[in-house]
Structure formats: C-alpha cells, structure tokens
Amino acid sequence: MSSLEKSNTLAAKNNALSRSGIIAGLSCVAATGIGFGLSLPLLSFVMKEMGYSSIMIGLNTSMPAIAAFVLSPIFLKFMEKYGLKSFITFAVFLAVLCFLSFFFTQSVFLWFVLRFVFGACLDGIFVASETWIGELSSDSMRGRIMGIFSSCLSIGYFLGAGILALTGSKGFLPFAVGSFFLLLVFVPIIMARKQIPDIKSEEKTALKPIILSSPIAMGAALVYGYLETTAFNLLPIYGVYSGLTERVSVSLLVTVGIGQACLQFFVGAIADKYSEKKALILCTLIGIIGAIGIGIFINTPFVLYPILFFWGACISGFYTLALIIVGKKYKGSSLAGANTAVVAMFGLGSLIGPPVAGFGMSSSEEYGFVLAMLLPVLVYFIPLLRKK
C-alpha cells in the first residue's frame, strides 16, 4: 500500500470515528432536552398541586437559569480537571438523584435547593456535550452540525413534554420514566468512550476574557436566553390576553418549537456558505419582523402560524450561531470555557427576559409582549451591523 493510500485510509478512519463521536454527543444532547422538557412542566404541575402560588412556582422555575449563570466557572474547572466523561457521569448520577428526590419531599426550601442542583447538572451535561461535539466538528461542516445539535435539543424538549402527556403528573411514574431517560446518557458515553475528546488542562481558562473577546457570540447567546425563556413562559399568556382560548394559545408555543426543531440545519448551512454574521443579520431581521407580525396577526391564525414557525427558527438560530462562532475560534479547554460562557450568557438572558416582558404586559396587555420581544433584537442589531 502506498503512503497516499495509507494516508487516505487513516483519514477515512478518523472521519468515521469523528462521526460516531458526534452522533454519541448528539444523543447526550437529546437526553438532556428530554430532562428539561419533562421536568419543567412536571415540577410546576406538582407545585401547583401542593398549593404553592404562581409567584413561588415562577421563582422555583428560575433556579436552572440562576445555576447556569452562577456555576458556569465551576463547570469549567471540573471539566478541565477531570475530563468530559467523568464530568458527564457525575452530573447524570447527581441529576437522577435530585429528580427522584423531588417526589420524596414536600419542603419548599428543599425544592429550591434540588431545582438549583438539578438545573446545574443538566446545564453541565449540556455544556460538556457542546464541547464534545464542537471539538470533533470540522470548520467546513460546523454550521450544519451545530444546527443538528440545536434541533436535537428541541426534539428532546418535545419528547419530554410528550412523555409527561403519557405518564401524567401524578405519582412516581413520571419521575421514574424521566430518570430512566437521563440514565440513557450512559449508552453513548460507553459506546463512544474512545471518541470523547480529552480537554484536561493544567492551565485554568478565565471566562471574562472570552466573554469580552467574543461580543457577537455572547450577545447572540444572551438574546437567545431572553427570547426563548420569555416566549415559553409568556407567549401563551399573551395569546389568552388577546382573546385566544388556552388550547390555541398553547398551540402557538408548539408552532414555535416545531420551527426551532426543523430549521436549525438550514441556519447552520447558511453560516457555512455565507458567514455567521450574515446568518445572524438574517435571524435578527426575522426576529424583528416576526415580533411585529405576532402583534398584528395574533387573531389571524393562517398568517400567525407561519410567522411563529420562522420566528421560532430565528430564536434558536441565535444560539446555534453563537456555538458556531466560538467553535471556530477556540479549541480544547478554551472551547470548553467558551461554551461555558455561552451558557452563562443564556442564563443571564433567561433571568432578564421574563421580568421585562411581565412588566411590559402589566403596563399594556396589547403591546407589552411585542415590545419586550423587540427590545433585545433591536439592541443587538445595531452593534451587529457596525461590527466588521
């Protein structure tokens, strides 16, 4: 065999290993999405059944976002010291323990602690999976791969909600089924253990320089956190305020989610072919037009649903493109740091969005939600156009 043939054979083998590693990482992402998609409504329903107020439920729901923002530096230190495989393994075991513990305690204080730790574990698995996939992705295919990544997360959310629809929120069954799906994360870890990148490093990566040196990516992650969390919490309520039935209002959210799941590959493909900046400009324009369209056509379903479909795609597009940008710029433990910073910015956006939109809706039921959803994309659009 000639040296050229040997080189081609080795390259083909490495590509096959990378593909299997990426598929395994995507499986982890989907499992994490199932955990979020099941736990978010389940725990809210259970708290309501326990007699807690909407304010208390809302505060408890914010714990994962607070965990993402506060604990991001700790995620990075653990990944650098112990590696991705050990970090994910520990996070999964702790997440399952916390999730099962919700069923066995009625203490609201413990529920806040458990929600914080449980959210931190899922956030940590998410960051580790991002780093895993980003490290194995080539720059030429990075956009499409990260688009599939975002779609897998959205599909996981839907599967989690679907599981809850089948199991109901009563009794131990939804907690047992949710724990089972979280434990399934170990299947890809075992099957692709040799393809998990080694990011252990003696050098400690600082998050602040990464955040300051990547303002476009970090801004996109913050906008995503703001829009995603606000839409999933308040879009149905805005629908009810506008005269829609509760069922129709929930269907608005489903349409947004379908757009998120279906179109992220195409968002990534646009970034691969033209550039991340042009893809971000497109997402921002759709975000602006979509928010205005929601306000105008809220009572015209045949126009509203297509708008929500593409608007949902643009929301997730901000996160997909943030991951593409940092994936091209950083490698190894620095990539882990960059992904951790992206999740921290997502957490910050998640904390800012709902209170701003809630204040807007209390001031004006007709225009408050629309104006709140316009605010971050308009603010982001100005520096995005100026940035070379």
Heavy-atom side-chain proximity of [X] to [Y] below 4.5 angstrom:
X      : Y      : answer
Leu235 : Leu308 : yes
Thr230 : Val356 : no
Tyr238 : Leu252 : no
Val343 : Tyr319 : yes
Ile22  : Ser137 : yes
Tyr226 : Leu348 : no
Cys314 : Trp311 : yes
Ile133 : Val29  : yes

Please report the closest heavy-atom contact between [X] and [Y], naming both atoms and the distance.
X      : Y      : answer
Ile324 : Gly268 : CD1-CA, 4.2 Å
Leu38  : Gly178 : CD2-CA, 3.3 Å
Gly35  : Leu122 : C-CD1, 4.0 Å
Met373 : Ala291 : CB-CB, 4.3 Å
Leu335 : Thr131 : CD2-O, 3.9 Å
Val326 : Asn339 : CG2-OD1, 3.7 Å

Is there a chain of hydrophobic side chains (I, L, V, M, F, W, Y, each step under 4.5 Å between heavy atoms) that links [X] to [Y]?
X      : Y      : answer
Leu321 : Leu385 : yes
Ile23  : Phe181 : no
Ile289 : Leu304 : no
Phe75  : Val70  : yes
Ile292 : Leu378 : yes

For atom [atom1] of [X], is the number of surrounding heavy atoms from other residues, nucleotides or ligands below 6.0 Å larger than 12?
X      : atom1 : result
Phe104 : CZ    : yes
Phe309 : CZ    : yes
Lys85  : NZ    : no
Phe103 : CZ    : yes
Phe36  : CZ    : yes
Phe78  : CZ    : no

Would the distance check show the side chain of [X] and the main-chain N or O of [Y] forming a donor-acceptor pair, the cut-off being under 3.5 Å?
X      : Y      : answer
Ser62  : Leu59  : yes
Ser364 : Tyr367 : yes
Trp132 : Gly21  : yes
Ser249 : Thr245 : yes
Lys329 : Ser213 : yes
Tyr380 : Ile216 : yes
Thr300 : Val303 : no
Tyr52  : Val46  : no

Rounded to the nearest 0.5 Å, what separation is found between the [atom1] atom of [X] and the [atom2] atom of [Y]?
X      : Y      : atom1 : atom2 : answer
Ile74  : Thr340 : CD1   : OG1   : 11.5 Å
Glu130 : Leu153 : CD    : CG    : 9.0 Å
Glu276 : Arg142 : CD    : CZ    : 9.5 Å
Tyr241 : Leu234 : OH    : CG    : 8.5 Å
Ile237 : Leu244 : CD1   : CG    : 13.0 Å
Thr105 : Leu100 : OG1   : CG    : 13.5 Å

Set of salt bridge (Lys or Arg N to Asp or Glu O under 4.0 Å) partners for Glu228, sequence neighbours left out: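 Applying salt bridge (Lys or Arg N to Asp or Glu O under 4.0 Å) to Glu228 gives none.
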ring-ring contact (aromatic ring centres under 6.0 Å, His included) partners of residues 322-364, not counting sequence neighbours, each pair once: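 Matches after skipping sequence neighbours: Tyr224-Phe346.
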ring-ring contact (aromatic ring centres under 6.0 Å, His included) partners of residues 245-273, not counting sequence neighbours, each pair once: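 Qualifying pairs: none.
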Set of residues satisfying side-chain contact (heavy atoms from CB on, under 4.5 Å) with respect to Phe102, sequence neighbours excluded: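 side-chain contact (heavy atoms from CB on, under 4.5 Å) check on Phe102 returns Leu43, Phe99, Trp111, Leu114, Arg115, Phe118, Phe175.
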Ser154: side-chain contact (heavy atoms from CB on, under 4.5 Å) partners, not counting sequence neighbours: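 Scan of Ser154 (side-chain contact (heavy atoms from CB on, under 4.5 Å), adjacent residues dropped) gives Gln260, Ala261, Ser316.
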Intermediate values then yes/no, side-chain contact (heavy atoms from CB on, under 4.5 Å), Leu212 and Met218: CA-CA 8 Å; Leu212 294 177; Met218 299 303 145; over 6 Å; no
Leu71 vs Asp123, side-chain contact (heavy atoms from CB on, under 4.5 Å): CA-CA, chis, key distance, verdict: CA-CA 9 Å; Leu71 297 183; Asp123 291 333; over 6 Å; no
Listed partners of Phe186 passing ring pair (Phe, Tyr, Trp, His ring centres under 6.0 Å), at least two apart: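 Here the qualifying residues are Phe93.
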Verdict with reasoning, Thr167 to Leu164, per side-chain contact (heavy atoms from CB on, under 4.5 Å): CA-CA 5 Å; Thr167 64; Leu164 182 60; 4.2 Å; yes
From CA spacing to verdict: side-chain contact (heavy atoms from CB on, under 4.5 Å), Ile211, Met345: CA-CA 9 Å; Ile211 293 172; Met345 291 299 101; 4.0 Å; yes
